[in-house]
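Working notes, beginning with the structure itself.
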Amino acid sequence: MSNPTTPALLGGSPLFSPPLPMARPRLPEPQAVLPTIEAMLLSGQLTKGPELNKLEEETASYVGVEHAVGVSSCTSGLMLCLQALKRRLPAVPRPRVAVPSFTFLASVTSLVWAGFEPVFVEVDPASMNLCLQDLERLLGRESIQAVLAVHCFGNPVPLARLEALCAGHGVPLLFDAAHGFGSIHQGRKVGQGGWCQVFSLTPTKMVVAGEGGLVCTDDEELAEELRVGREYGNDGSYNTVFSGLNARLSELHACLARASLGMLEDVVAHRNQVASALKDALSQIPGIGFQAITPDSRTTYKDFTIVIDPESFGLNRDQVESALAAEGVPIRKYFSPPCHLHQAFREFSERALPQTEKLAAGCLSLPLLELSTVEPLRQAIEKLHVHREQLAERLG
């Protein structure tokens with residue numbers, strides 16, 4: 001019989017068999033949505049109906065903004081917001097927008113699609129959000145027309161400081177808030193602030209529609225443009241006023257999102273409870289670092305991300321990934337490679353970003369599921385550290 005303290009790669013038994021899922025959406029009970037879905041199917045109205053209207057109203061009320069606009073995805077929401085921004089900017093061939101390189105590719109894809117040039121900003125290795133000092137240097141010496149910030153893994157950016165910085169340089173501020181539905185900073189819910197903030201409603205997020213997104217803004221003109229934009233740019237006259245997208249959020253998706261929104265506070269509280277227990281458990285193992293949550297904030301922990309110090313832990317991030325996979329523990333290497341090194345975006349990569357590249361090479365996201373998984377996850381990582389020399393030799 002194999003020794004349970006021996007890593008699976010060295011002949012031990014995997015700690016998780018079958019393997020853990022990377023994520024498991026917390027969904028409403030079927031009975032919470034089935035009566036509405038039945039009525040919807042009987043009515044035949046599957047788009048542009050009461051469920052979407054109610055979702056938008058309830059979201060705006062929860063976040064504390066004037067308008068919430070449902071869209072087919074966070075990406076399409078970003079695309080439409082950026083397209084609206086471009087109509088407001090001076091006519092230049094490709095306006096330049098500062099964006100962190102340490103982000104999901106959709107942030108940058110949206111910029112390129114809308115005809116902007118991304119200007120990549122360094123990461124703050126502690127918070128994993130954009131580095132305000134680097135942004136300030138760029139704003140001071142580069143021709144930058146806007147800033148697209150990201151609440152990385154749900155960790156809120158320091159909103160007042162960033163708003164003041166952008167206002168001082170006269171540039172609009174937008175947010176990819178895909179991870180941040182339910183995050184709070186200094187009493188303000190993520191979704192407030194800036195010109196607009198865009199949430200994702202995919203299954204790994206806090207509010208789940210299956211697929212979908214929501215744009216929050218206090219700008220009535222923008223909200224109306226988004227409602228037209230998600231209808232191809234057709235304002236109802238069938239005379240296209242600008243080229244939009246088919247970016248509607250269906251009634252089925254809105255129904256699920258409404259039920260999920262009602263669970264949001266419990267979902268975020270649960271994730272914070274498990275994350276706190278996991279951090280306490282792993283903090284005793286040498287070479288494990290954690291994302292520093294912005295002071296006076298609540299994060300969603302959309303992902304629980306650790307940083308591996310190869311010298312202290314004894315294995316590098318990729319070796320840890322291989323060894324954990326053998327234990328039945330999936331991980332995600334968010335965001336490796338960082339966006340400025342992606343093939344599609346290298347033409348915009350004007351400089352090395354050493355902090356970003358170091359963080360991307362060392363971090364990994366662990367499954368954040370239930371309290372019952374915390375101790376086995378600790379055991380899995382601890383036995384990798386204990387047997388680091390044998391594993392390093394095995395993995396090369």
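Side-chain atoms are counted along with the backbone in the values below, which use heavy atoms only and exclude waters and symmetry mates.
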Please report the closest heavy-atom contact between [X] and [Y], naming both atoms and the distance.
X	Y	value
Val215	Cys196	CG1-CB, 4.1 Å
Pro118	Val99	CB-CG1, 3.9 Å
Ala114	Met79	CB-O, 4.4 Å
Ser76	Val71	OG-CB, 3.9 Å
Glu211	Thr202	OE1-CG2, 3.4 Å
Val207	Ala257	CG1-O, 3.7 Å

Using a 4.5 Å cut-off on heavy atoms from C-beta on, say whether the side chain of [Y] contacts that of [X].
X	Y	value
Val320	Arg317	no
Val198	Thr75	no
Leu132	Leu162	yes
Phe116	Leu85	yes
Lys279	Phe304	yes
Phe181	Val63	yes
Gln83	Trp113	yes
Val307	Phe290	no

For residues 165-176, which side-chain N or O atoms pair as donor and acceptor with protein atoms under 3.5 Å away, sequence neighbours left out?
| from | atom 1 | to | atom 2 | distance (Å) |
| --- | --- | --- | --- | --- |
| Asp176 | OD1 | Ala178 | N | 3.0 |
| Asp176 | OD2 | Ser107 | OG | 2.6 |

Say whether Leu80 and Leu82 are linked into one hydrophobic cluster, either directly or through other cluster members, by side-chain heavy-atom distances under 4.5 angstrom.
-> yes

Are Ile381 and Val274 grouped together when hydrophobic residues (ILVMFWY) are joined by side-chain heavy atoms under 4.5 angstrom apart?
-> yes

Assess Lys205 against Phe199: is NZ or CZ under 6.0 Å from the centre of the six-membered ring, and within 45 degrees of the ring's axis?
-> no

Taking NZ, NE, NH1 and NH2 as the nitrogens, is one of them in [X] or [Y] under 4.0 Å from a carboxylate oxygen of the other?
X	Y	value
Arg332	Glu321	no
Arg271	Asp266	no
Glu350	Arg96	yes
Lys383	Glu327	yes
Arg378	Glu375	yes

Donor-acceptor check, side chain of [X] to backbone of [Y], threshold 3.5 angstrom: yes or no?
X	Y	result
Gln197	Gly191	yes
Lys302	Gly180	no
Thr294	Pro158	no
Ser276	Gln273	no
Asp134	Val121	no
Thr59	Leu55	yes
Asp124	Met128	no
Ser183	Val190	no
Glu251	Glu51	yes
Ser101	His340	yes

Just do the ring-ring contact (aromatic ring centres under 6.0 Å, His included) check on Phe153 and Phe335 with the steps written out, would you?
-> CA-CA 11 Å; Phe153 306 132; Phe335 298 103; 5.4 Å; yes

Evaluate the side-chain contact (heavy atoms from CB on, under 4.5 Å) criterion for residues Leu245 and Arg230: first the C-alpha distance (whole Å), next the side-chain angles of each, then the deciding distance (0.1 Å), finally the verdict.
-> CA-CA 5 Å; Leu245 298 169; Arg230 71 185 177 188; over 6 Å; no

Could you pull out all residues at least two apart from Arg248 that satisfy side chain to side chain donor-acceptor pair (under 3.5 Å)?
-> Glu231

Once you round to the nearest 0.5 Å, how far does [atom1] of [X] lie from [atom2] of [Y]?
X	Y	atom1	atom2	value
Leu52	Glu56	CG	CD	4.0 Å
Lys86	Cys81	NZ	SG	15.5 Å
Ile285	Gln379	CD1	CD	10.0 Å
Glu224	Arg227	CD	CZ	6.5 Å
Asp318	Ile331	CG	CD1	8.0 Å
Ile288	Ile308	CD1	CD1	3.5 Å

Is there a side-chain contact (heavy atoms from CB on, under 4.5 Å) between Leu138 and Val119 once you walk through the steps?
-> CA-CA 9 Å; Leu138 288 170; Val119 179; 4.3 Å; yes

When you look at Leu384 and Phe313, which way does the side-chain contact (heavy atoms from CB on, under 4.5 Å) test go after all the steps?
-> CA-CA 9 Å; Leu384 304 191; Phe313 189 80; 4.0 Å; yes

Check the pair Leu249, Ser72 against side-chain contact (heavy atoms from CB on, under 4.5 Å), reporting the backbone distance first and the verdict last.
-> CA-CA 5 Å; Leu249 184 68; Ser72 58; 5.8 Å; no

Does one side chain, of Asn246 or Tyr232, offer a donor that lies under 3.5 Å from an acceptor on the other?
-> yes

Show every donor-acceptor pair shorter than 3.5 Å between a side-chain atom in residues 23-44 and any protein atom, with sequence neighbours excluded, or say none if there are none.
| from | atom 1 | to | atom 2 | distance (Å) |
| --- | --- | --- | --- | --- |
| Ser43 | OG | Met40 | O | 2.8 |
| Ser43 | OG | Gln45 | N | 3.1 |

Evaluate side-chain hydrogen bond (donor to acceptor under 3.5 Å, both in side chains) for Ser237 paired with Asp235, printing each intermediate quantity in order.
-> CA-CA 6 Å; Ser237 66; Asp235 64 359; 2.6 Å; yes

Please tabulate, for the side chains in residues 362-374, all donor-acceptor contacts under 3.5 angstrom to protein atoms that are two or more places apart in sequence or on a different chain.
| from | atom 1 | to | atom 2 | distance (Å) |
| --- | --- | --- | --- | --- |
| Ser365 | OG | Thr305 | OG1 | 2.8 |
| Glu370 | OE1 | His270 | NE2 | 3.4 |
| Thr373 | OG1 | Glu370 | O | 2.7 |

Would the number of heavy atoms belonging to other residues, nucleotides or ligands and lying under 6.0 Å from CZ of Arg161 be above 12?
-> no

Non-neighbouring partners of Arg87 that pass salt bridge (Lys or Arg N to Asp or Glu O under 4.0 Å), sequence neighbours left out = Glu225

Could I get the full list of side-chain contact (heavy atoms from CB on, under 4.5 Å) partners for Pro337, not counting sequence neighbours?
-> Leu341, His342

Considering the options Gln186, His151, His185, Arg188, which one meets the side chain to side chain contact (heavy atoms under 4.5 Å, CB included) requirement together with Ser297?
-> His185

